[in-house]
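Working notes, structure below.
Below, chains carry the letters A, B, ... as their sequence lines are ordered, and counting in each starts from 1.
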Amino acid sequence: MTQLEELKDAMHSPPDFRPAPMDLQQVMASGGRMRRRRRLLVGGASALTVAALLIGGNQLAGGSTFPTPAAGPSAPLPSAVNSSAPGVLGAVIETGRQAEGRRWILYVETVDPDNLDETLTLILGRTKTGTIDDFRPEIESNDPGAGRMAPGFHAVKAGRLLNGRTTPTFGYYVGDATRITARDATTGKTVEAKRAAWSGFAPTEKAQIFWFDFTEGRPPATLTDLTAYDANGSELHVAG
Amino acid sequence: MARGDDEFIAFAQASSSRLQRAAYLLTGDQHAAEEAAQATLVRVYAAWGRVSRKDPYAYARTVLTNLVTDQWRRPMREYATETMPEPPAAQDVADVVSKRRWLITALRALSPRERAVIVLRHFFDASEAEVARELDLSAGTVKSLNSRALAKLRITAGLVPPLRTETEAGVGQ
């Protein structure tokens, strides 16, 4: 054995060292958090471009509450000290409305970007600066259990007065809708939602975040017959 | 479990011991080696979707080396020693284990850069070009560090009596 071979042999079998068993669950938990933090940074970067993602819709004024066809119980609020704290994923949507100097925004949070079907939560929040550490969640909405990426309406929350602030009716839709409407129960008129494209990391993880416009300080409209239409005007899904 | 977890677990189980040994050679400390290997696997898992289709072991090697040698890039002086450990007395190197122990001790006496080059080149069998890229050094510097480190080890190692097997050592006692 040459001296170099002896050195290699010694390095591969150092006498006073015994490899320790690794806690792979801990490794994967820490690695998952690191992965989510990286994706959160990606989500934060996308917040800068959300204004360009708006894809249409009409205004709606007045009204009260909307029956919630799909929304489940609210998830716990994210906590900075919670090791599994949710991360923002994808585009952050500006509604174009604000209250008390803070803009209403809509965005997605998840504790597991690889399992959106069970973890996607839609947040209505407010922000002053547009940076993630300034997001103040006001309403969290998600469907219970799995199926959150199935075609159709999800996490729909009715508009209401929240601490004196008017919130919009909002939710997300999975599918190729080109128009989402509802009926104002007071006036009988059909109103159209504003929509913004949203996507996760997988090519198939796509949705439209929608909301009905509102006037800050006035009670929101009572909306019914939430309907999605395709490009031909055919109904895709009806909720409420 | 997330997609690809099974593959990551198989990779981690297969590479964990080797990564820990490499970290031990680089740090000289068992506890630090365990921490460095674990931190490496955390980073590999975080990037698993990207690296699993390429060469995850090469990625892990790079991460580990960078974790351990990160302090080089800070503005601090490197206190390399030119004094190699005294070769053990003849009766202490009469078996394989004593010889290995002495070589590891001699390895620790190298400068951090020399040690990293030796570990990458002769433990991981990385090419000079790979070592240069991973340590952010020129190819010439890697060649020079490798030659100098081997020279130090050879010079001292040359003082060690010819190796006998453990059986021979036992018979001889």
Side-chain angles (χ1 to χ4, degrees), chain A residues 1-43 83-87 89 110-120 146 148-149 199-205, chain B residues 1-5 8-9 12-13 15-25 28-31 33-35 37-50 95-107 118-119 121-125 149-150 153-154 157-158 160 162-163:
Chain A
M1 187 181 282
T2 67
Q3 290 179 334
L4 188 57
E5 287 169 340
E6 287 179 4
L7 175 63
K8 287 185 176 185
D9 177 67
M11 288 197 293
H12 283 285
S13 304
D16 301 317
F17 177 75
R18 294 287 175 274
M22 286 273 163
D23 183 349
L24 292 184
Q25 290 303 317
Q26 176 65 33
V27 165
M28 292 162 71
S30 299
R33 286 194 293 275
M34 181 178 291
R35 186 187 298 169
R36 288 191 289 276
R37 283 196 297 273
R38 289 172 180 169
R39 287 176 175 176
L40 186 146
L41 291 175
V42 174
S83 61
S84 60
L89 179 64
T110 175
V111 294
D112 186 354
D114 291 322
N115 186 19
L116 292 177
D117 199 58
E118 291 184 83
T119 65
L120 191 156
R148 301 181 192 185
M149 294 305 292
S199 60
F201 280 86
T204 56
E205 294 169 346
Chain B
M1 291 206 304
R3 291 189 292 267
D5 280 1
F8 173 78
I9 289 171
Q13 288 173 336
S15 62
S16 167
S17 295
R18 199 161 185 230
L19 289 172
Q20 285 186 67
R21 282 197 188 88
Y24 177 69
L25 297 173
D29 180 86
Q30 170 123 16
H31 184 64
E34 291 171 14
E35 285 192 341
Q38 177 151 333
T40 296
L41 288 175
V42 166
R43 283 160 175 75
V44 171
Y45 181 71
W48 188 247
R50 178 166 48 88
D95 59 76
V96 172
V97 172
S98 294
K99 179 72 175 291
R100 288 175 181 162
R101 183 172 291 122
W102 180 84
L103 279 167
I104 297 303
T105 304
L107 187 69
I118 291 294
V119 171
R121 284 286 283 124
H122 307 295
F123 178 84
F124 283 119
D125 292 321
L150 285 178
L153 293 168
R154 268 197 207 108
V160 179
L163 181 67

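- Within the 4.5 Å cutoff, the side chain of Val27(A) has no heavy atoms near those of the Val44(B) side chain.
- Residue Asn115(A): no heavy atom, backbone or side chain, is found under 4.5 Å from chain B.
- Here the straight-line distance linking atom NE2 of His12(A) with atom NE2 of His122(B) works out to 11.0 Å at 0.5 Å rounding.
- Considering OH of Tyr45(B) and CG of Leu24(A), their distance stands at 11.0 Å, rounded to 0.5 Å.
- Among residues two or more places apart in sequence or in another chain, the ring pair (Phe, Tyr, Trp, His ring centres under 6.0 Å) test is passed with Tyr24(B) by Phe17(A).
- Side-chain atoms of Gln38(B) and Met22(A), non-hydrogen and from C-beta on, do get closer than 4.5 Å to each other.
- Heavy atoms closer than 4.5 Å to chain A are found in the side chain of Ser16(B), but not in its backbone.
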Evaluate the criterion side-chain contact (heavy atoms from CB on, under 4.5 Å) for residue pair Arg100(B) and Glu6(A); output intermediate values, then yes/no.
-> CA-CA 8 Å; Arg100(B) 288 175 181 162; Glu6(A) 287 179 4; over 6 Å; no
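- Within the 4.5 angstrom heavy-atom criterion, atoms from both the backbone and the side chain of Ala37(B) approach chain A.
- Between the CE atom in Met11(A) and the CG atom in Leu107(B) there is a gap of 6.5 Å [rounded to 0.5 Å].
- Both the backbone and the side chain of Leu41(B) have a heavy atom closer than 4.5 Å to some heavy atom of chain A.
- Within the 4.5 angstrom heavy-atom criterion, atoms from both the backbone and the side chain of Ile118(B) approach chain A.
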